[in-house]
Amino acid sequence: MAELKAPRGTCDVLPDESDLWIRVEGVVRRVCRNAGYGEIRTPIFEHTELFERGVGAVTDIVEKEMYTFLDKAGRSITLRPEGTAPCMRAYLEHNLKTRPQPVKMYYIGPMFRYERPQSGRFRQHTQFGVEAIGSPDPALDAEVVSILVDVYRHLGLSGFVVHLNTIGCPRCRPRYKEALVKAVAGWVEELCSDCRRRLERNPLRVLDCKNEACREISGNVPTIFEFLCDECRSHFEGVTTYLKALGLAYEIDPRIVRGLDYYTKTVFEVVHAELGAQDVLGGGGRYDGLAEDLGGEHTPGVGFAAGIERAVMALKAARGDSPGAEAGTGIRVFVATMGAPARVEGFRLVKALRERGVPCDLDYMERSLKAQMKHANRCGALKVVILGEEELKTRVATVKDMSTGEQSQVALEGLVQVLSGDGPGTAT
RNA sequence: GUGGAUGUAGCUCAAUGGUGAGAGCGCUGGACUGUGGCUCCAGAGGCUGUGGGUUCGAAUCCCAUCAUCCACCCCA
């Protein structure tokens, strides 16, 4: 057992698994680009103040989960815990309002939160997300939801559900909070200790408590829909209209409230049944107040963030998690050689094949021919080129098809062409 | 930060307080001196997480610590 291990809550993605990651990232990029979103790459650390003001000073993230340190000049720096505030910061800093609106951006990258690790939760995790900044149009809310869903659909994932809600705006939300507190007032004794605390700090959180008793109580409480102002009501209707137009299935779930302060109006989550307690694949919403929180002028925006680790977990759960017949190394051709002169020839051949875009490899362990064949098989090679003294002498290599076992003789000169699929192949 | 479970070979796991800690898979080699998958044989690989303690004797019992897993809180 190695004495040096990856820090708590972090992990290595080994080559076996990285294929899956690359697939997820590829789908994200394709779906985003098709919808007119360009990639933004913001720093991995920011001034601590950005998150204190953006995410909200009384959120759990800011209160206890940030990786914060002083740099050598005494500045307070924080490893980013989320991607939306940095995107908005970049929008304001670079005056992106001077560009055609809305500005649509996506990102993929690591986020950091000092939390106790558990299934689906890490101290460094990777999020992909999109932000559409500069327009209050409910069509954008729906677009953003559909982008997230499309990513999962294109990954072949099923068994996920879109939960949709609205949490109003600074005009109507306080009225609802008040009504909520009043409605629960008679049952405070029945609430769990966490919820009693929530009641004071953030009453909406009582709605998504997992405790049975709390759920029963909050189930009988008025929903926010009765308290929405006209603007929020029509915005929500707009969002649902557009979602229906897309034929996108969703469930209105008055319990989802989200934990970051900047959300207004639309909030949503995509949950997956097979993920355990941390079942949220991704979530997001509208944040029309964020720009002002950061000292900019009023600028509406919507977006989401989703966890790549969780997407990968869901994909693994779906395929029964049987990497089994080892995904292979992606090698198509293996060049087996015997003797030093043949190895030099093989080394050149491998280089030539790679130049032609054929993934190939040869032995580096001084293995016997037999062992090289075995190795080639395990690597998943489709063809093996055998080069020995005889082949060198006659300038004709033996090519074995690993699935049929058939062998053919191919002149060295035409080998690259045959193996790269250009020529019909076979000879002499 | 809180609660529970678990730490033995690269992986999955055995071993009543009592010889030199084992097996399967994987890895390397051989049977087959130039031919993979199947089979058989062999080899390499361990400070039993770490540090204390109890004991004639500890992988095993006790304490501490670290780590992992699961759940809470919260979130991706």
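No hydrogens, no waters, no symmetry mates; every other heavy atom, side chains included, goes into these values. Proteins get letters first, then strands, A, B, ... in listed order; numbering begins at 1 in each. It should be emphasised that the depicted structure is a prediction, and the values quoted were computed from it without experimental measurement.
In terms of polar N and O atoms assigned as donor or acceptor, the side chain of A:Q372 never comes within less than 3.5 Å of the base of B:U35 in a complementary pairing. One N or O donor and one acceptor, one from the side chain of A:R116 and one from the base of B:U2, sit under 3.5 Å apart. Counting distance only, with no hydrogens placed and no angle test, the side-chain atoms of A:E115 and the base atoms of B:A76 include a donor-acceptor pair under 3.5 Å. With hydrogens and angles ignored, no donor-acceptor pair closer than 3.5 Å exists between the side chain of A:K370 and the base of B:G36.
Protein atom CD of A:E366 is 14 Å distant from nucleotide atom P of B:U28, rounded to whole Å. For the pair A:E65 CD and B:A76 C1', the interatomic distance rounds to 12 Å; values are reported in whole Å. The separation between A:L281 atom CG and B:A76 atom P is 12 Å, rounded to whole Å.
Of the candidate nucleotides B:A76, B:G34, B:C72, B:G34 has the atom nearest to the side chain of A:M338. In the set B:C70, B:G37, B:G29, B:C70 carries the atom at the smallest distance from any side-chain atom of A:Q118. Here B:A76 is the nucleotide among B:G36, B:U28, B:A76 with the atom lying nearest to any side-chain atom of A:V280.
Using a 4.0 Å heavy-atom distance criterion, A:K400 is classed as a base contact. Residue contacts for A:A376: at a heavy-atom cut-off of 4.0 Å it reaches no nucleic acid atom on any strand shown. As judged by a 4.0 angstrom heavy-atom cut-off over every strand, A:E390 is placed among the base-contacting residues.
Toward the 5' end of RNA chain B, the nearer of the two residues A:Y114 and A:A371, judged by each one's closest nucleotide, is A:Y114.
Between A:E269 and A:R258, at least one side-chain N (NZ, or NE/NH1/NH2) sits under 4.0 Å from a carboxylate O, which counts as a salt bridge.
Counting heavy atoms from C-beta on, the side chains of A:F112 and A:T10 never come closer than 4.5 Å.
The side-chain tip of A:R123 points at the ring of A:Y114 from less than 6.0 angstrom away and within 45° of straight on.
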